[in-house]
Amino acid sequence: MTEKDLFREIGNINEKYITEAEETKRAVIWTPAFRRTLTTAACLVVCFGLYLGVRHLDLGMQNESAPAQLENAMDMSQNMTMDSASDSGNGAGEDGSFWEEIWPMENATTNTESKAEWAESEMIQQDTYEESTNVEGAIPEADVEVGANSGAVENVENKGDSVATQGVQETQKDSEQREKYFMVDLLPYPWLFNGWEDLESFLELCGNGEAATLELIRTLEDGTYERAYLSYDGKASYVWTQWQAPDYGMSVEKATETEYGKLSVFEDMREDGTTCYVVALGEADVSLQDLRDGKEGTLIVLQYVE
Amino acid sequence: MEDSQIIELYWQRSENAIAETSAKYGKLLRKIAMNIVGNYSDAEECENDTYVATWNAIPPTRPNILSAFLGRIARNIALNRYEYNKAQKRNNEFDLVLSELEECIASKSTVEESVEEGMIAAMLDDFLEGLKKETRVIFVRRYWYSDSVKDIAKRMQISESKVKTVLFRTRNQLQDYLAERGVFV
């Protein structure tokens with residue numbers, strides 16, 4: 001049988017599938033940008049509602065765990081909004097300020113350490129992780145390995161117990177009520193996109209040697225939107241394209257375009273037990289030490305927040 | 001005009017049958033043919049040949065879904081025209097469709113010759129039934145309608161990379177599905 005024969009056989013499928021394919025057409029309004037807008041708006045409404053609830057709730061009439069639940073839910077929600085809780089846009093890798101800037105809120109409710117102490121402990125944990133991480137486990141040059149039934153990141157060495165964790169707080173895992181975001185941090189403001197499938201598709205296409213593009217967007221402190229593409233040309237080149245937009249998703253001018261030859265993916269576990277992935281772009285292999293040193297423009301962190 | 005009325009015109013051997021068919025489905029038939037043959041003049045000829053074939057087929061046939069019936073005829077006519085023109089012209093997009101389907105065929109030399117007619121189509125129906133709706137629509141748009149990846153992405157309001165990934169995975173699933181049932185060894 002040839003491919004033409006198979007093509008003819010496909011022509012004989014049940015008419016209901018043919019009709020279904022003819023009738024299925026999504027309205028133009030449901031563009032990715034529009035979906036992101038709705039999702040963000042819904043998330044903001046939920047956050048505002050939780051905030052009002054906490055303010056007016058009589059905590060004395062609740063059980064002991066409820067305040068922690070609500071506070072953690074607020075903190076998690078605040079972490080997931082596009083308005084970053086970080087104070088400024090500098091300081092990656094300066095005495096733990098990178099970690100402090102990006103993830104202060106979650107840890108504030110899970111331990112009694114001060115921010116400085118927490119940052120220091122985080123640095124120690126990263127040192128421990130550095131020693132145990134096999135850099136060779138990173139994806140080779142211009143190539144992302146894709147497993148048979150999984151995305152590239154699952155082939156990266158999982159450092160397991162080498163980084164101390166405080167365990168997952170059950171109160172933080174109110175996941176059914178929350179949107180799932182993957183936060184891609186290009187220092188210091190997080191990049192957002194919805195759906196693990198977009199990232200997995202991108203990595204799979206890269207692994208297959210096909211051209212692919214990943215779309216990202218984020219909000220800066222002044223409310224300006226920035227948009228970025230991470231593109232792979234199907235051969236040996238990754239391009240990070242970034243530009244500013246005065247209104248949501250409507251690009252104006254291309255601001256920067258940077259080409260890289262290598263993409264590496266690391267898997268890491270944060271203190272609260274959530275998984276994050278680090279995508280490193282550069283001309284040479286980069287390690288997590290480079291991440292701590294804050295090589296701007298070359299490192300993107302993907303954080304799975306649940 | 002409703003499909004049942006158009007079919008009745010064929011049964012009555014009314015010349016308006018073809019005019020009504022052209023008015024309602026001409027664009028669809030040209031699109032299907034164009035996706036395969038790649039040029040407008042051949043697509044028009046295929047459309048006209050489709051009307052002739054339909055006139056000869058109805059009666060005795062009384063199709064349940066006229067659009068699918070016409071589309072199937074146009075598709076086969078266009079494929080024949082594509083094969084006829086293959087030496088002189090190339091349609092890069094349709095060549096890509098065929099090359100993608102080639103991945104589903106494990107070994108051309110070991111296909112069971114005794115496969116009953118229509119069995120593979122029945123297997124394909126079962127395969128499609130097991131897919132999610134979005135995946136099934138993407139598959140049918142690509143390999144029945146021969147739409148380009150860009151057109152499918154626009155229709156479904158998803159990214160082209162997602163369309164490619166869905167098609168890639170579905171082809172692999174189809175290959176495994178057919179191999180399990182002994183169609184391709």
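Below, read A as the first sequence line, B as the second, and so on, with proteins coming before strands; counting in each chain starts at 1. This one's a predicted model, so the numbers in the text were calculated from it and none came from an experiment.
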Practice problem: If a pair satisfies ring pair (Phe, Tyr, Trp, His ring centres under 6.0 Å) and one of its residues is in residues 143-162 of chain B, list it, with sequence neighbours excluded. | Solution: B/Phe139-B/Tyr143
Quiz prompt | Top of B/Val97, B/Asp125, B/Leu124 for chain A proximity - count of heavy-atom pairs under 4.5 angstrom | solution = B/Asp125
In a table with atom names and distances, give each donor-acceptor pair under 3.5 Å that connects a side chain of residues 23-34 of chain B to protein atoms at least two apart or in another chain.
from, atom 1, to, atom 2, distance (Å)
B/Lys24, NZ, B/Met1, O, 3.0
B/Lys24, NZ, B/Asp3, OD1, 2.9
B/Tyr25, OH, B/Asp3, OD1, 2.6
B/Tyr25, OH, B/Asp3, OD2, 3.0
B/Arg30, NH1, B/Glu47, OE1, 3.1
B/Arg30, NH1, B/Glu47, OE2, 3.1
B/Lys31, NZ, B/Asp147, OD1, 3.0

Quiz item: Taking atom types as modelled, is there a side-chain donor on B/Asn80 or A/Arg8 under 3.5 Å from an acceptor on the other?
Solution: yes
Quiz prompt | Presence of salt bridge, B/Glu160 and B/Lys154, under 4.0 angstrom | solution = no
Practice problem: Assess whether atom CD of B/Gln12 is packed by more than 12 heavy atoms of other residues, nucleotides or ligands within 6.0 Å. | Solution: yes
Quiz item: Side chain, backbone, both or neither: which part of A/Thr24 has a heavy atom under 4.5 Å from chain B?
Solution: both
Exercise. Find the one option among A/Lys4, A/Glu22, A/Lys16 whose heavy-atom pairs under 4.5 Å with chain B are most numerous.
Key: A/Glu22
Quiz item: So which of B/Leu98, B/Asn64, B/Val140 has the largest heavy-atom pair count under 4.5 angstrom toward chain A?
Solution: B/Leu98
Self-check item: Region of B/Glu100 that comes under 4.5 Å of a non-hydrogen atom in chain A
Solution: neither
